[in-house]
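Naming convention: chains lettered A, B, ... in sequence-line order (proteins, then strands); numbering from 1 in each chain. All figures in this text were calculated on a predicted structure; none of them were measured in a lab. Side chains included, hydrogens not; waters and symmetry mates left out as well; all remaining heavy atoms used.
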Amino acid sequence: MPELPEVEVVRRGLERWVAGRTVAEVEVLHPRAVRRHLAGGADFALRLRGQRIGTARRRGKYLWLPLEGEPLAVLGHLGMSGQLLVQPEAAPDEKHLRVRLRFTDSISGSAAGGPGTELRFVDQRTFGGLSLHDTTPDGLPDVIAHIARDPLDEAFDDAAFHTALRLRRTTIKRALLDQSLISGVGNIYADEALWRSRLHYDRPTANLTRPRSTELLGHVRDVMNAALAVGGTSFDSLYVNVNGESGYFDRSLDAYGREGEPCGRCGTAMRRRPWMNRSSYFCPRCQRPPRITA
DNA sequence: CAAGGCTCCTGATAGC
DNA sequence: TGCTATCAGGAGCCTT
């Protein structure tokens with residue numbers, strides 16, 4: 001379940017292993033993987049061929065590869081189960097391989113960045129995908145103009161975020177997952193940040209004080225940076241799996257997936273509640289529900 | 001227009 | 001043993 005830290009690890013891997021390479025051939029093996037490319041898989045492949053890849057960028061959980069010399073970018077989202085793998089061309093196809101990009105340097109077997117390697121988009125549940133889009137003057141793919149900056153972005157505006165929370169008539173976890181308010185936070189890190197902040201997921205945003213929202217934002221950043229610290233090293237090895245597995249999930253989670261286990265602060269059994277077709281994990285003692293439920 | 005709910009998808013797992 | 005039900009959930013899209 002890639003969230004911002006995992007996607008950032010992938011971005012770094014792409015920066016190292018794909019930037020500067022020229023696309024030789026694109027193979028779309030599943031139409032759903034390019035469904036956001038409205039002109040279809042053949043058009044996607046045709047237009048990408050021959051393009052030189054620039055430095056990978058990211059906003060929230062979206063990442064994109066700018067194409068050098070053109071206001072175009074390959075936009076990617078990993079969805080639930082997506083992976084971007086840099087693999088030797090000789091490696092057998094993954095079961096859920098959806099898109100393959102070969103590079104001009106692969107065939108000749110030279111060049112920095114991985115002679116003989118190709119880029120593969122692998123995605124079991126096909127919630128993710130790749131597509132080609134025009135970019136705005138600041139380099140953002142036009143279709144993600146509505147995605148807010150993420151909390152690790154230097155230009156993220158903490159004060160504006162607080163103001164937006166106060167103006168919204170919604171609850172705090174909904175707001176954290178609203179990518180037009182703050183991007184990059186998914187179900188797991190939302191629960192983690194709320195637990196650290198001692199905030200119940202159903203608390204209204206309208207009466208959050210400035211100190212509370214500041215503390216929450218700090219915990220969001222802490223959780224993400226911790227995950228990044230764990231996952232940020234894996235892409236450095238010889239055989240790269242640019243897949244964003246942080247390893248953070250198994251070890252360091254205080255809330256998510258811990259139903260029935262003791263709260264790390266007070267020892268009370270953690271609870272799980274169905275919430276928006278998914279789950280919320282929380283400590284019933286540290287994270288008291290609001291008096292009036294919305 | 002804001003807010004909330006529905007839906008896409010596949011595989012692991014639980015239950016009978 | 002083998003079937004069915006449930007769960008995982010990002011985000012576009014639709015309804016209210």
Look at [X] and [N] and indicate whether a side-chain polar atom (N or O) is within less than 4.0 Å of OP1 or OP2.
{"X": "A:Asn277", "N": "C:dG9", "result": "no"}
{"X": "A:Thr170", "N": "B:dG4", "result": "yes"}
{"X": "A:Tyr62", "N": "C:dG12", "result": "yes"}
{"X": "A:Lys95", "N": "B:dG11", "result": "yes"}

Checklist entry - Residues two or more places apart in sequence or in another chain: which of them pass ring pair (Phe, Tyr, Trp, His ring centres under 6.0 Å) with A:Phe282? => result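 For A:Phe282, the residues satisfying ring pair (Phe, Tyr, Trp, His ring centres under 6.0 Å) (neighbours in sequence not counted) are A:His200, A:Tyr201.
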Item to check | A:Phe161: ring pair (Phe, Tyr, Trp, His ring centres under 6.0 Å) partners, not counting sequence neighbours | outcome: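 Here the qualifying residues are A:Phe156.
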Checklist entry - How far does CH2 of A:Trp275 sit from OG1 of A:Thr171, to the nearest 0.5 angstrom? => result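 Reported to 0.5 Å precision, the distance equals 6.0 Å.
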Checklist entry - Once you round to the nearest 0.5 Å, how far does CZ of A:Arg212 lie from CG of A:Leu199? => result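 So the gap between those two atoms works out to 4.5 Å.
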Rounded interatomic separation in angstrom, taking [atom1] from [X] and [atom2] from [N]:
{"X": "A:Leu63", "N": "C:dG10", "atom1": "CG", "atom2": "P", "result": "16 Å"}
{"X": "A:Arg272", "N": "C:dT6", "atom1": "CZ", "atom2": "C1'", "result": "10 Å"}
{"X": "A:Met276", "N": "C:dG9", "atom1": "CE", "atom2": "P", "result": "12 Å"}
{"X": "A:Arg174", "N": "B:dG4", "atom1": "CZ", "atom2": "P", "result": "5 Å"}
{"X": "A:Gln83", "N": "B:dG11", "atom1": "CD", "atom2": "P", "result": "14 Å"}
{"X": "A:Arg278", "N": "C:dC7", "atom1": "CZ", "atom2": "C1'", "result": "12 Å"}
{"X": "A:Leu78", "N": "C:dG9", "atom1": "CG", "atom2": "P", "result": "16 Å"}
{"X": "A:Asp178", "N": "B:dA2", "atom1": "CG", "atom2": "C1'", "result": "10 Å"}

Item to check | Greater than 12 external heavy atoms within 6.0 Å of A:Arg285's CZ | outcome: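 No, CZ of A:Arg285 has 12 or fewer neighbouring heavy atoms, counting only those of other groups under 6.0 Å.
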Checklist entry - If you count the non-hydrogen atoms of other residues, nucleotides and ligands that lie under 6.0 Å from CZ in A:Arg36, is the total more than 12? => result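 Atom CZ in A:Arg36 is packed in, count exceeds 12.
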Next on the checklist: Can you identify which nucleotide, out of C:dA8, B:dC9, B:dT10, has its nearest atom closest to the A:His96 side chain?
Outcome noted: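 Nearest nucleotide to the side chain: B:dT10.
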Next on the checklist: So if I take every side-chain heavy atom of A:Tyr256 and compare against B:dA3, C:dA8, B:dG5, which nucleotide ends up nearest?
Outcome noted: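 The answer is C:dA8, which lies nearest to the side chain.
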Checklist entry - Is A:Arg98 touching bases, backbone alone, or none of the nucleic acid, heavy atoms closer than 4.0 Å? => result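 Contact class for A:Arg98: none.
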Item to check | Residue met sooner reading DNA chain B from 5', once A:His30 and A:Leu167 are mapped to nucleotides | outcome: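 Counting from the 5' end, the first nearest nucleotide belongs to A:Leu167.
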Next on the checklist: Just to be sure I understand the geometry, which residues of residues 36-43 of chain A put a non-hydrogen atom under 4.0 Å away from DNA chain B?
Outcome noted: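 Those residues whose heavy atoms fall under 4.0 Å from DNA chain B, taken from residues 36-43 of chain A, amount to none.
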Next on the checklist: If the helix axis at each end comes from five base pairs, how far does the helix from B:dA2-C:dT16 to B:dC16-C:dG2 deviate from straight, to 10°?
Outcome noted: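 About 50° separates the two local helix axes.
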Checklist entry - Is it true that a side-chain atom of A:Thr135 and a backbone atom of A:Ala73 form a donor plus acceptor pair closer than 3.5 Å? => result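 No; zero donor-acceptor contacts below 3.5 Å.
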Checklist entry - Taking NZ, NE, NH1 and NH2 as the nitrogens, is one of them in A:Asp123 or A:Arg32 under 4.0 Å from a carboxylate oxygen of the other? => result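 The answer is no: the pair does not qualify as a salt bridge.
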Next on the checklist: Between A:Asp191 and A:Arg272, does any NZ, NE, NH1 or NH2 come within less than 4.0 Å of an OD or OE carboxylate oxygen?
Outcome noted: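 Here A:Arg272 does not pair with A:Asp191 in a salt bridge, since their nearest N and O are not under 4.0 Å apart.
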Checklist entry - Want to settle it: does A:His146 or A:Ser279 sit nearer the 5' end of DNA chain C, counting the closest nucleotide to each? => result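 Final value for this comparison: A:Ser279.
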Next on the checklist: For residues 46-74 of chain A, which residue pairs pass the ring pair (Phe, Tyr, Trp, His ring centres under 6.0 Å) check, not counting sequence neighbours?
Outcome noted: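 Applying ring pair (Phe, Tyr, Trp, His ring centres under 6.0 Å) to every pair that reaches into residues 46-74 of chain A, excluding sequence neighbours, yields A:Tyr62-A:His77.
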Next on the checklist: Whether A:Arg265 engages the ring of A:Trp195 as a cation-pi pair (distance to the six-membered ring centre under 6.0 angstrom, angle to the ring normal within 45°) should be assessed.
Outcome noted: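 Relative to the ring axis of A:Trp195, which defines the angle, A:Arg265 lies inside both limits.
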Item to check | Sorted by number, the residues of residues 121-134 of chain A with heavy-atom contact under 4.0 Å to DNA chain C | outcome: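 Those residues are A:Arg125, A:Phe127.
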Next on the checklist: A:Phe103 vs A:Val18, test: side chain to side chain contact (heavy atoms under 4.5 Å, CB included). Steps then yes/no.
Outcome noted: CA-CA 9 Å; A:Phe103 300 100; A:Val18 176; 3.8 Å; yes
